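All remarks here apply to the structure that follows.
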Amino acid sequence: LAKTTQPPSMEAYEGQEVNVSCSHTNIATSEYIYWYRQVPHQGPQFIIQGYKDYVVNEVASLFISADRKLSTLSLPWVSLRDAAVYYCIVTLRDYAQGLTFGLGTRVSVFP
Amino acid sequence: EAAVTQSPRNKVTVTGGNVTLSCRQTNSHNYMYWYRQDTGHGLRLIHYSYGAGNLQIGDVPDGYKATRTTQEDFFLLLELASPSQTSLYFCASSVGTNTEVFFGKGTRLTVV
């Protein structure tokens, strides 16, 4: 499974757009990209997944570079509730052995 | 929204004690997982299961047993608890491989 690298922390003010990057230089053609986030005192929660190009849902958007070695999670108009640790996970679609979490990116949001 | 319920939410036990952590999901999910989360390590997979009676070993299984008694229930057993097992434990479930995984709220276990 491809290893991922994320910045350890980021800061933003409410109302700003936050872009969290994830490098996965050894991603295989059969691997997908997943993003989860974890707020304090809760388990991780799924945000979005993608394989290539651009994916958007009601929570976030995900941009994947053409060579698929870099992905960026974009959170528009962050609020205090978006303060969390964001995890980028790269894995096979049919990999049964659970998700492998790294240390993620801690996003702090200030009023 | 899929629900995964863990109990207890907090537990203190002594070294050498016997602890069972419980997890129930009512979403008819096939896969269930036990993770532990420690500062500096992120979440690490202990055991997982893809159906009643099935058990698979995760990345950090030493000192843990698990049992999937029904589709809904997955238990994590620490038969001789040690201080190194002090951690935040999460149970999770998913309908299939790498479909959305739903996590419980966690059980904080302290071994003194």
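Being a predicted model, the structure only gives us computed values, none of them experimental.
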Do any N or O atoms from the side chain of Ser87(B) and from the backbone of Gln37(B) form a donor-acceptor pair under 3.5 angstrom?
yes

[X] portion near chain A, given a 4.5 angstrom heavy-atom threshold:
X	result
Leu45(B)	side chain
Tyr50(B)	neither
Gln6(B)	neither

Quick test of your reading of the model: are Arg24(B) and Asp73(B) salt-bridged, counting only N-O distances below 4.0 Å?
yes

Close aromatic pair by centroid cut-off 6.0 Å: [X] and [Y]:
X	Y	answer
His47(B)	Tyr33(B)	no
Phe101(A)	Tyr87(A)	yes
Tyr36(A)	Tyr86(A)	no

Looking only at Pro44(A), Gly104(A), Gly102(A), the option with the highest number of non-hydrogen pairs under 4.5 Å against chain B is Pro44(A)

Side chain, backbone, both or neither: which part of Tyr32(A) has an atom under 4.5 Å from a heavy atom of chain B?
neither

